[in-house]
Amino acid sequence: MELSQPVYALIDCNAFYVSCERLFNPLLRQRAVVVLSNNDGCVVARSPEAKAIPIAMGVPLFQIKDHVTQGRLVALSSNYTLYGDISHRVMSTLEQYGRAQEVYSIDECFLNLAGDPHPDITMHQARHQVGHDIGIPVSIGIGPTKTLAKLASDLAKKLPTGVYNCPLPGPALATLLERVPVGDVWGVGARIAETLHTWGIRTALDLARLDRGIMQNKYGVTGARIIEELRGQPCHALETAPPAKQSITVSRSFGTIVTQQADVRSAIANFIERAAEKARAQHRCASSLLLFVAGNRFDQRAAHCDATHTITFPVPTNVTSELLTAADRCMPTLLKANGRWKQAGVTLLGLLDQSTQQQSFLDPINRPRAQALMTAVDGINAKHGRASIRPGSTTLSSRWQPLANRCSPRYTTNWDEVPRVY
DNA sequence: TCTGGGGTCCTAGGACCC
DNA sequence: TCTGGGGTCCTAGGACCC
């Protein structure tokens, strides 16, 4: 029987992409370095020296070009294959230090440290091993909730030891939260911070003391959970097995404005191929395919180019040729004449498990039976004064999960039961 | 001139279906 | 002077995360 309090650690790799590049090029150490997004568009990672210049996160390259040309700053194109490989090694090393691990992003993971009598010591050891074996510097925050662990990791970045253990709820925690701007809290972005400021909420402590009903009203359960977590009440458990993806997107910005429909068309064909590969790798089939194109989002006049189009499949698919054929048919709808496109992409939606999708209502062969079943179910329900549980349209799949999971156990998708209700 | 990509969740209204 | 209700899908927008 486990009675120990929850203890979470958040391990965050410092300036991860830059740290990866430095592993292979020691000349980059001590220098101001940034790593750029695709197309070398904008800054996605900064070394502490670059932050000190200061170089802001997300700033476009052309705005900091002078720093680069005058030798004050090194700007590197990104190499995601490399970062993914290093990330994997870091995560494997850290895994052994907790009872369970949640890989939260390419450069962050949570560990469950419940029951560990000395979480501080354990985390110092973890930090040392990652630094020694792999060469990646990390910051570690420890706390009774994920939100507090995350907050603690931000504080850890400013400590030479690189590890910070957040106090348990009480006066010490209040003193700590009072020094944290509300916008630094996990889940509070720029917009919410702005609204909170107008309410007079400036620090994490102000937010922790806010009536959770007010937050719930404005931001739903997501907002209320932030308050609970700040108070030390865990609302977010560790997700050790990542849930299956609900959508798969492949999109890119073009290096320049594209005006030829044929160019957009071939770009989309490429995106579809990559998305289909991803779906197959995850053993998933898509019920629908969303295509989108957009103009330059920094240019208001280009907004007329923005368009989306959704195609739904009678039978879910991850077959490239089927997706391509469907996409090709709606290109005229999607691409208006005289477009000036800057971006395009595809999203696979309504992902179903490859092995179960054949049994769903989607299969056109089963459609009449599906209707028959529902009619029968209506009859049964009417007799017992119950509302029917509908699977929705019989022409489409349930968009979000296999049908079998959505129906009440009484009315499963076992087709052999249909004759019996007649 | 030049401004990332890939996700999540939530809300809401209209079309459509039975 | 009354108009069904419940459900899904689509689109769109608003937030957030890394």
Side-chain angles (χ1 to χ4, degrees), chain A residues 10 12-13 16-17 35-45 56-65 77-78 80 83 87 103-109 146-147 150 183 185-195 216 218-226 236 239 242-257 271 274-275 278 287-288 290 292 294 296-299 302 306-312 342-351 361 370-371 374-375 377-378 381-382 386-401 403 406-407:
Chain A
L10 178 76
D12 191 328
C13 300
F16 182 56
Y17 299 165
V35 172
L36 303 167
S37 64
N38 266 23
N39 291 333
D40 292 342
C42 63
V43 170
V44 295
M57 191 65 166
V59 71
L61 176 60
F62 69 86
Q63 284 179 13
I64 54 171
K65 208 128 203 183
S77 298
S78 47
Y80 290 102
Y83 310 149
S87 170
V103 177
Y104 180 68
S105 72
I106 194 166
D107 70 335
E108 279 172 276
C109 73
K146 285 168 125 182
T147 302
K150 186 98 168 119
V185 174
W186 193 33
V188 179
R191 293 304 182 90
I192 294 181
E194 202 177 309
T195 304
Q216 170 124 22
K218 178 81 175 162
Y219 296 109
V221 62
T222 325
R225 282 180 184 149
I226 300 174
H236 303 291
E239 286 174 14
K245 293 258 187 290
Q246 300 191 50
S247 63
I248 293 171
T249 300
V250 178
S251 73
R252 288 289 180 281
S253 291
F254 303 129
T256 60
I257 297 287
F271 300 153
R274 305 240 358 241
K278 286 191 191 184
S287 311
S288 51
L290 173 76
F292 59 92
N296 185 348
R297 63 196 169 99
F298 295 97
D299 179 0
D306 294 12
T308 69
H309 191 90
T310 306
I311 305 151
T312 44
K342 189 72 202 335
Q343 195 185 3
V346 309
T347 299
L348 299 180
L349 284 163
L351 299 179
F361 279 95
Q371 273 156 355
M374 290 323 297
T375 308
V377 167
D378 278 352
N381 284 330
R386 278 196 300 253
S388 279
I389 297 156
R390 292 202 174 283
S393 157
T394 49
T395 55
L396 294 179
S397 141
S398 114
R399 189 163 147 192
W400 306 115
Q401 40 185 304
L403 184 71
R406 312 184 57 133
C407 289

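Only heavy atoms go into these numbers, but all of them, side chains included; no hydrogens, no water, no symmetry mates. Labels below follow one simple rule: chain letters A, B, ... track the order of the sequence lines, proteins then strands, and each chain is numbered from 1.
Rounded to whole Å, atom C1' of B:dC10 lies 14 Å from atom NZ of A:K218. At whole-Å resolution of the value, CD in A:Q63 and C1' in B:dC2 are 9 Å apart. Between the P atom of B:dC2 and the CD1 atom of A:I257 lies a distance of 6 Å, rounded to the nearest Å. At whole-Å resolution of the value, NZ in A:K65 and P in B:dT1 are 14 Å apart. Look at CG on A:L290: it is 13 Å from C1' on C:dC9, rounded to the nearest Å.
Listed by chain and residue number, A:T347 satisfy the side chain to side chain donor-acceptor pair (under 3.5 Å) test with A:T249 (two or more places apart in sequence, or in another chain). In terms of the side chain to side chain contact (heavy atoms under 4.5 Å, CB included) criterion, A:T222 has no residue partners (sequence neighbours excluded). With sequence neighbours excluded, no residue forms a side chain to side chain donor-acceptor pair (under 3.5 Å) with A:S87. Annotation: salt bridge (charged side-chain N to carboxylate O under 4.0 Å, His left out) contacts of A:D306 (sequence neighbours excluded): none. Taking the side chain to side chain donor-acceptor pair (under 3.5 Å) definition, one finds that A:Q343 meets it with nothing, sequence neighbours left out. Residues passing the side chain to side chain donor-acceptor pair (under 3.5 Å) test with A:Q216, sequence neighbours excluded: A:R212. Not counting sequence neighbours, the partners of A:F254 by the side chain to side chain contact (heavy atoms under 4.5 Å, CB included) test are A:V258, A:A267, A:W341, A:A344. Applying the side chain to side chain contact (heavy atoms under 4.5 Å, CB included) criterion to A:S77, with sequence neighbours excluded, gives A:D40. By the side chain to side chain contact (heavy atoms under 4.5 Å, CB included) test, A:Y219 pairs with A:I192, A:T195, A:M215, sequence neighbours left out.
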Can you name the atoms? Protein N/O to nucleotides 5-8 of chain B N/O, anything below 3.5 Å, with the distance.
unit_1: B:dG5; atom_1: OP1; unit_2: A:S253; atom_2: N; d: 2.7
unit_1: B:dG5; atom_1: OP2; unit_2: A:S253; atom_2: N; d: 3.1
unit_1: B:dG5; atom_1: OP2; unit_2: A:S253; atom_2: OG; d: 2.8
unit_1: B:dG5; atom_1: O3'; unit_2: A:R252; atom_2: NH1; d: 3.1
unit_1: B:dG6; atom_1: OP1; unit_2: A:R252; atom_2: NH1; d: 2.9
unit_1: B:dG6; atom_1: OP2; unit_2: A:S251; atom_2: N; d: 2.5
unit_1: B:dG6; atom_1: OP2; unit_2: A:S251; atom_2: O; d: 2.8
unit_1: B:dG6; atom_1: OP2; unit_2: A:S251; atom_2: OG; d: 2.9
unit_1: B:dG7; atom_1: OP2; unit_2: A:T249; atom_2: N; d: 2.5
unit_1: B:dG7; atom_1: OP2; unit_2: A:T249; atom_2: O; d: 3.4
unit_1: B:dT8; atom_1: OP1; unit_2: A:Q246; atom_2: N; d: 2.9
unit_1: B:dT8; atom_1: OP2; unit_2: A:S247; atom_2: OG; d: 2.7

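At least one donor-acceptor pair under 3.5 Å links the side chain of A:S78 to the backbone N or O of A:L36.
By the criterion of a centre-to-centre distance under 5.5 Å and near-parallel planes under 30°, the ring of A:F298 forms a stack with the base of B:dT3.
The rotation axes computed at either terminus of the helix from B:dG5-C:dC18 to B:dC18-C:dG5 lie 0° apart, taking five pairs at each end and rounding to 10 degrees.
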5' to 3', nucleotides 12-18 of chain C under a 4.0 Å protein heavy-atom cut-off (B base, S sugar-phosphate only, - none) gives S--SSSS
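Residue-level contact check: A:K342 touches the backbone only, with heavy atoms under 4.0 Å from sugar-phosphate atoms and none from bases.
The same atom, P, is picked in C:dC18 and in B:dC2; the two are 29 Å apart, to the nearest Å. Going from the P atom of B:dC17 to that of C:dT3 covers 24 Å, rounded to whole Å.
Taking CD1 of A:I257 as the reference point, atom CG of A:N296 lies at 5.0 Å (rounded to 0.5 Å).
Nearest-nucleotide positions on DNA chain B for A:G255 and A:V221 put A:G255 closer to the 5' end.
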